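Read through the structure below, which is laid out as structure tokens, and then see the notes.
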Amino acid sequence: MPENYRALQGFKDILPEEQPYWRLIENTASEVASLYGYQRIETPLLEDTTVFRRTSGEGTDIVEHEMYSFDDRADKEGRRQNISLRPEGTASVVRAYLEHGMFKLAQPVKLFYMSMPMFRRERPQAGRLREHHQFGCEALGESDPAIDAEIIGMLYQIYTRLGLKNIRVNINSIGDSNCRPQYIEKLKAYYQPLLTDCCDDCQIRFHKNPLRLLDCKKPQDQAKIAAAPRITHNLCEPCQEHFASVQRYLKFYGVPYDIDTLIVRGLDYYTRTVFEFTSEIDNVALNGGGRYDGMAEIFGGPQTPGIGFGVGIERVILELKRQGIEPPAEPKPRAFVVYFGKTQDMKDAATQLTAELRQAGIKAATSYGERSNKAQMKQANASGAEFSIIIGEDELANGTLSIKQMQVGQEKTENKQVQIKRDEIIPYLTGHQA
RNA sequence: GUGACCGUAGCUCAAUAGGCGGAGCUCUGGAUUGUGGCUCCAGUGGUUGUGGGUUCGAGCCCCAUCGGUCACCCCA
């Protein structure tokens, strides 16, 4: 294969053998989302770059060097719009909410999106691709902490239904525009005298994104982090109450959670509640989410609280595989039609029968071309079909079909083969259905 | 963006010390011209990622490049 005709680095084909995992996740998540009253929405892959830049934040890695952005072709006046492949889903959904005036509907408006591709130009590694897919939910127009708990509870229920064990739920509150700036000042004041002793990255973080100081994994900085002032101890009164209420409501959903005051999310738009679900095996986040009460105003819309999350589907699949969870397989055909003869009549009879079965809603397969009888039986076997239906000279002559049961051990052929009238085939097959 | 390891058939992998590129699986055909699975036989399938270099001779050594995997960073 010439190397220029390969999928791009970090982009993956999703092959048939992977599809059962996707189906399982898509079905499970959609059902649970519907259970909680979320309605599906789909937004375009491309947006004006500012949709993402303004919301995620200028200083974040995602907008700074991970977005696929480019100038569109010039319009009549010669202007070029800079557009981007979406790196995350929330901003687009909020944009759609405002664009379609959904703030005039009964609030909250609960939306979910399924398997929407996301693009970030990072170096690929385990569980990280340049194109990945997310399932996500957004609840807009409601600031009640009960909905924070609801959304976390829903997520937990999805993982439970998928059969995943040992999922760790970490929550935190990062305050709002009222109390967070004060906390950041406090954090900087704490770090100022320690700075010379910090790792190189932390030196940069101190100026660029002080909250990230808490995220450092270098051993030399762990003691500093442990003694650093905590955001949860520096929340303003309303934020404190909100966080306490989230925790109270969370109990009703039976979610075993931990408060992790070190959670700092990678997007600037979060306020108050933030959360991450991770597997216990390693530290990879399966999803991330939180509240974003200021986003609608960034777009020039009415003040609209919101909360949501995005689940990395590829990461959940990795976790399903690690935990040995097998998704339901694609159903096998009920019948495989073979023709023991090379005449056109024979081929016609086989084709007609196959078409009839399918139109009757019976999953049927058949052979193509000129294959030996044995080869066709081999195909029938490999297809996993429950029955093979044999059309040969005799059957054609006396209007019958030979039906052979395939998946019944190594008995002799005579014991598992019967001949029936041609027009009894559909009742025969449906009668055998479980 | 930084670093480490790895590229041989569709897949999983061999190939002594640098000396004629192989096996298993898959696929196709056959072992009684109307019957699968188990077994046996045969066949298809390769520019050894690509381009240079060293050598009488390179899958193997050297350089470059592309790709993959993993880690860091960051994130889902």
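Note that the coordinates shown come from a computational prediction; the quantities given were computed from them, not determined experimentally. Convention: sequence-line order gives letters A, B, ...; per-chain numbering from 1. Excluded from the calculations below are hydrogen atoms, water molecules and symmetry mates; all remaining heavy atoms, backbone and side chain alike, are included.
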Could you check whether [X] gets within reach of a base, just the sugar-phosphate, or nothing at all, counting any heavy atom under 4.0 Å?
X	result
A:Lys342	nothing
A:Gly127	base
A:Glu276	nothing
A:Ala380	nothing
A:Leu129	base

[X] [atom1] - [N] [atom2] separation (whole Å):
X	N	atom1	atom2	answer
A:Arg130	B:C74	CZ	P	18 Å
A:Glu122	B:C73	CD	P	13 Å
A:Asp221	B:C72	CG	C1'	15 Å
A:Gln9	B:C70	CD	C1'	13 Å
A:Phe11	B:U69	CZ	P	13 Å
A:Tyr270	B:C75	OH	C1'	11 Å
A:Met377	B:G36	CE	P	7 Å
A:Asn170	B:C75	CG	C1'	15 Å

[N] versus [M] - spacing of their [atom1] atoms, nearest Å:
N	M	atom1	answer
B:G43	B:U8	P	25 Å
B:G45	B:C25	C1'	14 Å
B:U69	B:A17	C1'	30 Å
B:A64	B:U54	C1'	15 Å
B:C60	B:A14	C1'	13 Å
B:C20	B:G57	C1'	12 Å
B:U55	B:U16	P	23 Å
B:G3	B:C11	P	30 Å

Q.
On RNA chain B, does the nearest nucleotide to A:Asp61 precede the nearest nucleotide to A:Met406 from the 5' side, or the other way round? Give the residue.
A. A:Met406
Q.
Assuming nearest nucleotide by heavy-atom distance, tell me which of A:Asn287 and A:Gln407 is located more 5' along RNA chain B.
A. A:Gln407
Q: Can you see which heavy atom on A:Tyr249 is nearest to which on A:Pro145, and at what distance?
A: CD1-C, 3.9 Å
Q | Closest heavy-atom pair and its distance - A:Ser115, A:Glu26 | A | OG-OE2, 2.6 Å
Q: Measure from NZ or CZ of A:Lys404 to the centre of the six-membered ring of A:Phe387 and say whether it is under 6.0 Å with the direction within 45° of the ring axis.
A: no
Q | Stacked cation flag A:Lys224 on A:Tyr191, 6.0 angstrom / 45 deg | A | no
Q. Any donor-acceptor pair under 3.5 Å between the side chain of A:Arg128 and the base of B:C74?
A. yes
Q: Sugar-phosphate atoms are those with a prime plus P, OP1 and OP2; base atoms are the rest. Using that split, label each nucleotide of nucleotides 7-13 of chain B B, S or - for protein heavy atoms under 4.0 Å, 5' to 3'.
A: -------
Q: Could you run through nucleotides 28-34 of chain B and give me one letter per nucleotide, 5' to 3': B if any protein heavy atom sits under 4.0 Å from the base, S if only the sugar-phosphate is that close, - if neither?
A: SSSB--B
Listed nucleotide nearest any side-chain atom of [X], set [options]:
X	options	value
A:Arg205	B:C73, B:U35, B:G37	B:C73
A:Arg123	B:U2, B:C74, B:G68	B:U2
A:Gln125	B:C72, B:C75, B:G68	B:C72
A:Lys416	B:G37, B:G1, B:C74	B:G37

Go ahead and name the base partner of [N]; Watson-Crick or wobble counts if both distances stay under 3.5 Å, otherwise write none.
N	answer
B:C13	B:G22
B:C61	B:G53
B:A42	B:U28

(Q) Does the plane of the ring in A:Phe11 sit parallel, tilted or perpendicular to the ring in A:Tyr68? Use 30° and 60° as the thresholds. (A) perpendicular
Q: Report the C-alpha separation of A:Gln379 and A:Ser367 in whole Å, then their side-chain angles, then the decisive distance to 0.1 Å, and conclude whether the side-chain hydrogen bond (donor to acceptor under 3.5 Å, both in side chains) test is met.
A: CA-CA 7 Å; A:Gln379 286 186 310; A:Ser367 194; 2.6 Å; yes
**Q.** Beyond-backbone contact of A:Phe275 with A:Asn170, side-chain heavy atoms, under 4.5 angstrom
**A.** no
Decide if atom [atom1] of [X] counts as having more than 12 heavy atoms of other residues, nucleotides or ligands within a radius under 6.0 Å.
X	atom1	value
A:Lys188	NZ	yes
A:Arg54	CZ	no
A:Lys186	NZ	no

Q) Of A:Val51, A:Val63, A:Asp61, which is the lone residue that meets side chain to side chain contact (heavy atoms under 4.5 Å, CB included) with A:Ser56? A) A:Val63
Q. A:Tyr156 and A:Tyr253: aromatic ring centres closer than 6.0 Å?
A. no
